[in-house]
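Throughout, a chain's letter reflects where its sequence line sits, starting with A, and its residues are numbered from 1.
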Amino acid sequence: MFWFRNHHNLHQRIEDARHRLRRIAYSWTHDFALADDLSQETLLRAIERAPQLRDPDRFDAWLFQIMKNCWMDTLRSTKGAIDINDIEDTLTESRPGPDQIFATSQSVMSVRSAVACLPRGQREVLTLVDLEEFSYSQAAEILQIPIGTVMSRLCRARATLATMLIDSRDEISELRPRLRKVES
Amino acid sequence: MTQKPSDEMLNALIDGQLDSEERAKILAKLAADPALNKRVNSFRKIKSLVRHAYADLPVETAPRSRSGLHRGIYAFCGVAILSIGIGLGHVVSVRSHFPGGIASIQTGARGLVIQIVDKDAGKWLVALEQAQAAQSSAKDGLFQVAIVGYGAGVEMLRADSPVIDALQKAHSSGIRLVACGIAMRQNGISRSALASVVEPAEAGGIVEIVRLQRQGYGYVRL
């Protein structure tokens with residue numbers, strides 16, 4: 001009976017996390033249909049694997065780790081279109097120029113498009129820390145990377161976004177020299 | 001350590017990932033270095049832009065409870081109600097219903113300064129507790145809470161204060177405790193009579209409050 005109640009509660013917690021999962025899924029994919037699929041798949045897997053969660057305090061990290069794994073599976077199945085290994089400093093070709101972004105600086109869409117242009121590894125860390133308020137160690141656990149990598153990716157992500165989004169020339173000129181050259 | 005903190009450390013500060021000792025060190029450096037301050041503020045702004053950008057997604061189900069985002073309503077001594085909502089986008093709103101208190105501050109507040117003029121242990125205990133709640137709910141390592149005691153309030157900042165344990169506890173969670181230098185002189189309290197966790201403000205409590213307000217602190221009078 002006790003076992004049953006615990007699992008019933010866990011299922012409820014998983015269901016309650018639906019919107020949070022979907023938000024992170026959207027911030028990773030920037031595609032609503034894909035985000036819906038990804039969060040739905042995560043919910044199903046989580047319910048399936050609920051008996052494997054030993055420590056209820058680790059619930060959030062456990063759940064988002066499942067989503068990270070679903071995401072990796074999705075990337076693998078979309079045959080070679082996206083590199084599975086992180087190519088930290090390679091930006092996508094569709095990256096808007098700073099001038100384009102400046103035009104709509106700081107609007108929701110410009111922030112989202114700037115985030116979408118970050119290398120995937122940086123984007124994952126940034127969104128887990130900023131949107132879900134995960135600690136660095138939780139983010140490291142979810143993404144299965146060292147905590148030092150969490151810090152350096154976050155740092156590069158925010159520095160890049162600052163150059164793209166902050167509408168103040170002097171702040172940018174301070175930040176720019178610290179960025180590595182990324183354009184080919 | 002004289003070198004500048006790394007960007008990693010500045011980000012860790014913003015994300016509330018530093019322990020109180022590291023945090024205090026970096027805050028001290030920030031205070032002395034406007035360029036560093038600017039850099040940390042630009043990272044902080046990015047964090048708030050990102051949070052804001054994903055705050056409202058079209059949802060198919062009921063939106064997430066705001067409990068994680070809108071943190072707490074705090075009652076101060078039954079006279080003042082201070083509500084601090086740390087929303088997405090870093091908007092901090094402080095409402096005080098204290099008679100004569102501030103009506104509303106809505107800014108990207110950098111911190112909160114609480115002024116206490118009374119020698120009332122009960123009031124101090126509640127204020128100290130709520131200051132810690134505000135500090136820990138801010139989720140932003142840069143957000144700082146300061147309590148400034150002046151008038152008869154400085155009596156409660158003495159080393160033999162009846163609330164000394166609570167003062168020490170607040171200090172260890174990063175709350176600044178400031179004694180008005182003018183009130184100290186008026187009440188005959190020497191610097192050495194203050195609790196070790198309290199800093200005297202030589203120019204006076206009001207000057208300190210104004211200085212913090214200029215830095216973007218919200219202000220609440222108790």
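In this structure, A:Met151 CE and B:Asp15 CG are separated by 9.0 Å, a value rounded to the nearest 0.5 Å. Atom NE2 of A:His30 is separated from atom OH of B:Tyr54 by 2.5 Å, given to the nearest 0.5 angstrom. The CG atom of B:Asn11 sits 9.5 Å away from atom CG of A:Leu126, with the distance rounded to the nearest 0.5 Å. If you take CG on A:Leu131 and NZ on B:Lys47, they are separated by 9.0 Å, rounding to the nearest 0.5 Å. Rounding to the nearest 0.5 Å gives a distance of 11.5 Å between CG of B:Leu49 and CZ of A:Arg158.
No side-chain heavy atom of A:Val111 sits less than 4.5 Å from a side-chain heavy atom of B:His52. Side chains of A:Leu161 and B:Val50 form a contact here, defined as non-hydrogen atoms less than 4.5 Å apart.
Proximity to chain B at a heavy-atom threshold of 4.5 Å picks out nothing from residues 56-65 of chain A.
Chain B forms more heavy-atom pairs under 4.5 Å with one residue of A:Ser135, A:Cys155, A:Ala157, A:Ser137 than with any other, namely A:Cys155.
Residue A:Ile24 does not touch chain B at all, counting heavy-atom pairs closer than 4.5 Å. The contact between B:Glu8 and chain A is made by backbone and side chain atoms together, counting heavy-atom distances below 4.5 Å.
Side-chain atoms of A:Arg112 come within 3.5 Å of backbone atoms of B:Ala53 as a donor-acceptor pair (strictly under, hydrogens ignored).
The ring pair (Phe, Tyr, Trp, His ring centres under 6.0 Å) analysis of residues 143-162 of chain A, with sequence neighbours excluded, yields no pairs.
With respect to A:Asp130 and B:Arg51, no salt bridge is recorded, no charged nitrogen being found less than 4.0 Å from a carboxylate O.
The environment of CD in A:Gln144 is crowded: more than 12 heavy-atom neighbours from other residues, nucleotides or ligands sit within 6.0 Å.
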